[in-house]
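What follows is one structure encoded as structure tokens, with my remarks underneath.
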Amino acid sequence: MSRKKVGILISGRGSNMSALIEATKAPDYPAEVVGVLSNRAAAKGLEIAAAQGIATASLAQSKFPTREAFEDVMTRVLESWEVDIVCLAGFMRILTPEFTLHWAGRMINIHPSLLPLYKGLDTHARALADGASRHGCTVHFVTPGLDEGAPILAAEVPVLPGDDVDTLSARVLVEEHRIYPEALRMLAAGEVAFNS
Ligand code: GRF
């Protein structure tokens with residue numbers, strides 16, 4: 001079995017990244033993580049990946065004259081790792097249409113809401129403010145529109161009386177760690193494909 005090479009983009013703690021790395025340790029998993037790239041040098045996830053012998057890189061966007069220049073270098077780093085699939089895992093930068101189109105069908109993201117509800121930031125607080133009774137997370141293909149690409153998998157959790165952002169986000173995160181490895185497996189195995 002030839003395993004697809006995966007690059008993960010992070011900005012922070014990297015718990016979804018860790019869930020993906022753990023999943024790839026199964027001998028029959030159809031993908032391997034070949035590199036982790038962060039736009040923040042202090043991202044905790046970089047240490048976790050490096051400790052497992054995975055290549056890491058950090059690029060400070062502020063050092064680049066334009067967003068395009070920054071993304072060109074990201075693509076060069078990813079291509080130097082011969083990446084087949086890019087997983088966004090808490091990567092807190094808006095990507096240009098050019099970058100998303102370059103990786104169309106090969107780049108996926110985990111978003112902490114039941115898309116198309118609550119695109120963008122502060123999803124848990126917004127669900128609570130609305131008095132939503134259900135919330136969750138979605139893995140989707142990345143397209144130029146923010147959080148608009150076709151969904152691959154979603155998981156629902158209840159919003160319980162007394163929930164705050166911490167309790168609700170923790171409940172959703174358990175599901176993120178379950179569905180992200182499964183969605184990546186489906187993409188790597190060719191069970192799902194992007195039709196734009
Ligand atoms: C997750 O909630 C993910 O859904 C969102 O950003 C958060 C990243 O957390 N896109 P982690 O870095 O994977 O722990």
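Index from 1, following the sequence. In what follows, every heavy atom counts, from backbone to side chain, and hydrogens, waters and symmetry copies are set aside. Note that ligands are numbered from 1 as they come in the structure, with each ligand's atoms numbered from 1 the same way.
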What protein heavy atom is closest to [atom], reported as residue, atom name and distance in Å?
{"atom": "atom 12 (O) of ligand 1", "result": "G14 N, 2.9 Å"}
{"atom": "atom 5 (C) of ligand 1", "result": "P112 CD, 3.9 Å"}
{"atom": "atom 10 (N) of ligand 1", "result": "I110 O, 3.1 Å"}
{"atom": "atom 3 (C) of ligand 1", "result": "E176 OE1, 3.2 Å"}

L173, any N or O under 3.5 Å of ligand 1 N or O: no
Contact (N/O only, under 3.5 Å) between R13 and ligand 1: yes
Atoms in ligand 1 flagged as close to G90, the criterion being non-hydrogen separation under 4.0 Å: 6 (O), 8 (C), 10 (N)
Is a donor from one side chain sitting under 3.5 angstrom from an acceptor on the other, for [X] and [Y]?
{"X": "N39", "Y": "Q61", "value": "no"}
{"X": "H177", "Y": "S15", "value": "yes"}
{"X": "H135", "Y": "H124", "value": "yes"}
{"X": "D164", "Y": "T167", "value": "yes"}

Co-membership, hydrophobic cluster, residues L184 and V192, 4.5 Å side-chain: yes
Heavy-atom closest pair, residues A49 and V36: CB-CG2, 3.7 Å
Within-shell test, I10 vs ligand 1, heavy atom, strictly < 4.0 Å: no
